[in-house]
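FYI, the numbering just counts along the sequence from 1. Computation of the quantities below employed the complete heavy-atom set of this structure, encompassing side-chain atoms and omitting hydrogens, waters and symmetry-equivalent molecules.
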Amino acid sequence: MRRFASLSVLALAAALAAPAAFAQSTSAAAPAKDPVVATVNGSAIHLSDMQAAVQNLPPEAQQLPPDQLFQAVLNQLIDGKALLAAAHKEGLEKNPAVQQAMQDAANFRLEKAYVQEHEASAVTDTAVQAEYDRDYANKPGPQQVEARHILVQTQAQAETIIKQLDKGADFATLAKKYSIDPGASNGGELGWFSEDEMVPAFAKAAFALKPGHYTETPVQTQFGWHVILCEGKRTAPTPKLADVADQIKQKLANQAGEQAINDARAAATVVVYDKDGKPVQPSAAPAAGN
């Protein structure tokens with residue numbers, strides 16, 4: 001139900017430093033903190049290369065056990081260097097189409113670096129503190145609901161559960177018995193949550209309830225059918241800076257990135273043409289970002 005943050009890539013990258021194999025892969029050409037883990041035709045692959053590669057893996061691959069993740073990433077980098085050597089041997093870097101693709105990739109990376117540089121310069125401790133002081137300090141937190149829920153697959157199942165509640169059945173007991181949600185073992189307990197922490201249909205139903213009341217009709221979401229019990233309502237306490245710092249940093253970075261794009265486009269001379277190659281009047285040209 002909750003929109004949990006994805007598994008930290010940095011944590012996975014740190015896990016790569018654990019295997020004993022790294023300690024045995026040092027060389028005079030690299031400091032101990034960044035050992036060589038393999039060479040391909042004399043070209044070294046360092047620990048830092050592997051940690052960087054982790055960030056490009058799909059989420060399911062990032063969840064592999066550290067030893068397995070280590071071997072998978074190492075094989076990927078070895079294959080890459082071997083393929084690069086084979087491509088150079090055949091002279092593919094001289095192929096015009098390949099050269100264009102390489103230039104496109106380099107240009108894309110440069111564009112990304114430009115935006116990232118502006119994002120990083122905007123996310124300072126001073127800026128984060130100012131944003132916190134303006135939007136959070138000395139202000140009450142959001143409205144919250146404390147609730148339990150029972151999740152089932154069909155509307156008919158949910159209606160049957162509501163009938164049992166109407167007859168005095170215990171909500172937590174029914175949750176343990178029928179709910180397919182991972183929190184069923186805790187009696188369907190969800191704890192305190194704000195409206196934006198739940199999917200819209202669920203949040204709307206939960207916040208409409210009075211404490212001690214449950215939904216009289218099933219609530220449908222993409223997860224299935226819910227029966228919701230409101231156990232309390234409150235205004236959340238003012239969050240501490242540490243609790244919202246990451247959220248503020250992301251907001252500042254997004255704003256700076258968007259501004260960098262807008263400024264770059266405003267400084268450029270842009271002429272838009274239609275499908276016949278005729279210039280389009282500025283008023284008819286698509287807006288930036290479209």
Participant: For Q259 and D263, which I'm curious about, is there any donor-acceptor pair between the side chains at under 3.5 Å?
Facilitator: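 Indeed, the side chains of Q259 and D263 share at least one donor-acceptor pair under 3.5 Å.
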Participant: Salt bridge between D170 and K177, side-chain N to carboxylate O under 4.0 Å?
Facilitator: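 Not counted as a salt bridge, because no side-chain N and carboxylate O are separated by less than 4.0 Å.
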Participant: Is there side-chain contact between M198 and L190, with at least one heavy-atom pair below 4.5 Å?
Facilitator: yes
Participant: If only side-chain N and O atoms count, and only distance matters, is there a donor-acceptor pair under 3.5 Å linking T235 with Q143?
Facilitator: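 Present: a donor and an acceptor within the cut-off.
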Participant: Atom CG of residue position D276 - does it have more than 12 heavy atoms of other residues, nucleotides or ligands inside 6.0 Å?
Facilitator: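 More than 12 within 6.0 Å, yes.
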Participant: Measure up the Y132 and Y136 rings against each other and bin them: parallel (under 30°), tilted (30 to 60°), perpendicular (over 60°).
Facilitator: parallel
Participant: Donor-acceptor check, side chain of N186 to backbone of G188, threshold 3.5 angstrom: yes or no?
Facilitator: no
Participant: Verify whether one side chain among Q100 and D104 offers a donor that lies under 3.5 Å from an acceptor in the other.
Facilitator: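 Yes, a side-chain donor-acceptor pair sits under 3.5 Å.
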Participant: If you measure from the Lys or Arg side-chain nitrogens to the Asp or Glu carboxylate oxygens, is any gap between E131 and K251 under 4.0 Å?
Facilitator: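 Here E131 pairs with K251 in a salt bridge, since their nearest N and O are under 4.0 Å apart.
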Participant: Classify the side-chain pair Q129/D133 by whether it contains a donor and acceptor separated by less than 3.5 Å.
Facilitator: yes
Participant: Is it the case that the side chains of N107 and E111 hold a donor-acceptor pair, with the cut-off being a distance below 3.5 Å and no angle test?
Facilitator: no
Participant: Describe, in one word, how the ring planes of F193 and F202 are oriented to each other, choosing from parallel (under 30°), tilted (30 to 60°) and perpendicular (over 60°).
Facilitator: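 Plane angle between 30° and 60°, so tilted.
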Participant: Please say whether more than 12 non-hydrogen atoms of neighbouring residues, nucleotides or ligands are located less than 6.0 Å from CD in E216.
Facilitator: no
